[in-house]
Student: 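Below are the structure tokens for one structure; questions will follow.
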Number of protein chains: 2
Amino acid sequence: MSATTDALKQARDEFVAQWGALGTQWGINRTMAQIHALLMTAPEPLGTDEVMEELEISRGNAHTNLKELVAWGLLRVVVRKGERREYFEAEKDVWKVFIMVTRERKRREIDPALQVLRKCAEESQDIDTPEGRAFYEQMRQLEEFVEFASTMADRVAGMKHGFALQMAAKMLG
Amino acid sequence: MSATTDALKQARDEFVAQWGALGTQWGINRTMAQIHALLMTAPEPLGTDEVMEELEISRGNAHTNLKELVAWGLLRVVVRKGERREYFEAEKDVWKVFIMVTRERKRREIDPALQVLRKCAEESQDIDTPEGRAFYEQMRQLEEFVEFASTMADRVAGMKHGFALQMAAKMLG
DNA sequence: CATTGCTTTCAGAAATTACTGAAACTTCAG
DNA sequence: CTGAAGTTTCAGTAATTTCTGAAAGCAATG
């Protein structure tokens with residue numbers, strides 16, 4: 001193995017390890033983040049066994065997290081003709097990755113919050129004391145804000161990269 | 001206790017419990033989210049003992065999470081004249097809460113990612129093979145995007161509520 | 001319909017994270 | 001200085017999350 005190939009392997013391993021550590025901070029499990037990093041920097045699709053070997057993890061773990069990444073829309077399953085194995089390929093376009101993550105987080109984090117806030121607002125609607133009114137108002141304000149966030153998330157997720165940049169330029173200028 | 005007071009307590013308990021559960025999904029610990037919910041809906045500042053009693057948690061747990069919330073800028077410490085106890089009061093303005101959370105998440109999630117990406121880009125800068133170039137390019141694209149996110153976070157965190165609404169209207173219109 | 005090659009599931013083990021309760025520390029008043 | 005009232009720390013325990021390895025499932029092939 002040549003010196004440059006070795007240097008690449010090293011840089012890539014570093015990236016995988018660090019991305020995994022970051023994932024933990026973002027509330028994503030380490031293995032999932034590592035697999036994502038590995039595949040985002042893979043020149044071609046990898047199979048379950050290759051992922052297992054590269055990251056030194058069990059089949060069950062590799063399988064679960066690969067499927068989870070597919071559910072997030074961050075990996076595609078690739079089947080090669082004449083082969084039974086499944087290969088996995090990462091979305092490499094950074095903007096598309098961002099869109100996927102935004103959609104998924106909205107679904108998992110924003111939508112449930114909205115449910116809760118609406119329920120609490122409704123339940124406190126008719127409580128006719130100063131404290132009751134204050135509580136209701138607080139719920140309403142949270143609800144309004146989260147609704148706003150929800151709309152923004154949808155908007156952003158629908159944008160084309162170019163448009164987003166244009167908007168950002170306006171915002172920043 | 002009157003019926004309406006009772007209904008309020010019930011609604012509030014529900015909110016605290018659910019907000020705690022949501023917190024878990026956001027990668028924030030349950031107790032911290034519960035304390036935050038409790039104080040956001042408290043008509044006046046509470047002391048450690050009241051928080052302990054309300055949520056049925058230990059002193060150590062209450063203390064740690066109260067201080068953590070202060071560190072996030074989501075609670076203020078209030079001292080009443082002639083008293084030694086510390087009381088805690090939540091920021092109730094939803095927009096201000098959002099700003100604080102944005103700042104803190106940028107610091108904890110975006111900045112470290114940028115460090116990692118810069119290091120990996122630098123390390124792979126001179127690897128002169130097709131795979132090396134591809135890796136370097138991927139790091140650069142990620143870096144560029146995260147830089148963009150960082151700038152946006154700073155911008156948003158510097159906005160006044162009114163301005164944000166105005167911008168949102170433009171975006172959505 | 002038996003075998004092969006691969007995918008999926010899941011019970012138990014390991015690792016991580018959060019909580020308790022008690023002791024140590026700090027500050028103030030008498 | 002001593003005690004009272006409160007804050008802070010932390011070792012050990014509990015709860016939760018993640019991972020392993022093996023068994024079960026499934027589809028294609030001969």
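Small disclaimer: the values here were computed from a predicted structure and weren't measured.
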Student: Can you list the residues that meet the side chain to side chain contact (heavy atoms under 4.5 Å, CB included) rule with B/Asn29, with sequence neighbours excluded?
Tutor: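 By the side chain to side chain contact (heavy atoms under 4.5 Å, CB included) rule, B/Asn29 matches B/Thr31, B/Met32, B/Asn65.
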
Student: Please report, to 0.1 Å, the donor-acceptor pairs under 3.5 Å made by any side chain of residues 134-144 of chain B, with sequence neighbours excluded.
Tutor:
from	atom 1	to	atom 2	distance (Å)
B/Tyr136	OH	B/Gln125	OE1	2.9
B/Gln138	NE2	A/Lys92	O	3.3

Student: With sequence neighbours left out, what residues match B/Arg133 under side-chain hydrogen bond (donor to acceptor under 3.5 Å, both in side chains)?
Tutor: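 side-chain hydrogen bond (donor to acceptor under 3.5 Å, both in side chains) check on B/Arg133 returns nothing, list empty.
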
Student: Below 3.5 Å is the cut-off: list the nitrogen or oxygen pairs between protein and nucleotides 7-14 of chain D, distance only.
Tutor:
from	atom 1	to	atom 2	distance (Å)
D/dT7	OP1	B/Glu86	N	2.8
D/dT8	OP1	B/Lys67	NZ	3.3
D/dT8	OP2	B/His63	NE2	2.5
D/dT8	OP2	B/Lys67	NZ	2.8
D/dT8	O5'	B/His63	NE2	3.2

Student: Going 5' to 3' along DNA chain C, which nucleotides are the first and last within contact of chain B (any atom under 4.0 Å from a heavy atom)?
Tutor: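 For DNA chain C, the relevant span reads C/dA18 to C/dC28.
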
Student: Sequence neighbours left out, what passes ring pair (Phe, Tyr, Trp, His ring centres under 6.0 Å) with A/Phe15? Give chain and number order.
Tutor: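 If we apply the ring pair (Phe, Tyr, Trp, His ring centres under 6.0 Å) test to A/Phe15, skipping adjacent residues, the hits are A/Trp19.
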
Student: Can you name the residues that form a side chain to side chain contact (heavy atoms under 4.5 Å, CB included) with B/Thr129, not counting sequence neighbours?
Tutor: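 With sequence neighbours excluded, B/Thr129 shows a side chain to side chain contact (heavy atoms under 4.5 Å, CB included) to A/Thr4, B/Ile127, B/Glu131, given in chain and number order.
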
Student: Indicate every side-chain donor-acceptor pair of residues 35-45 of chain A with a distance under 3.5 Å to a residue at least two apart or in another chain.
Tutor:
from	atom 1	to	atom 2	distance (Å)
A/Thr41	OG1	A/Arg12	NE	2.9
A/Thr41	OG1	A/Ala37	O	2.9
A/Thr41	OG1	A/Leu38	O	3.2

Student: Please report, to 0.1 Å, the donor-acceptor pairs under 3.5 Å made by any side chain of residues 67-81 of chain B, with sequence neighbours excluded.
Tutor:
from	atom 1	to	atom 2	distance (Å)
B/Lys67	NZ	B/Glu86	OE1	3.4
B/Glu68	OE2	B/Arg108	NH2	3.4
B/Arg76	NE	B/Glu89	OE1	3.4
B/Arg76	NH1	B/Glu91	OE1	3.1

Student: Using a 3.5 Å distance criterion without hydrogens, assess whether the side chain of A/Thr64 forms a donor-acceptor pair with backbone atoms of A/Gly60.
Tutor: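 Such a contact is found between A/Thr64 side chain and A/Gly60 backbone.
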
Student: A/Gln115: which residues meet the side chain to side chain contact (heavy atoms under 4.5 Å, CB included) condition with it, sequence neighbours left out?
Tutor: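 In terms of side chain to side chain contact (heavy atoms under 4.5 Å, CB included), with neighbours along the sequence ignored, A/Gln115 is linked to no residue.
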
Student: Applying ring pair (Phe, Tyr, Trp, His ring centres under 6.0 Å), can you list everything that pairs with A/Phe98, at least two apart in sequence or on another chain?
Tutor: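 With neighbours one apart ignored, the set is A/Trp95, B/Phe145.
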
Student: Which residues within residues 22-47 of chain B lie with some heavy atom under 4.0 Å of an atom in DNA chain C?
Tutor: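 Heavy-atom cutoff 4.0 Å gives B/Asn29, B/Thr31.
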
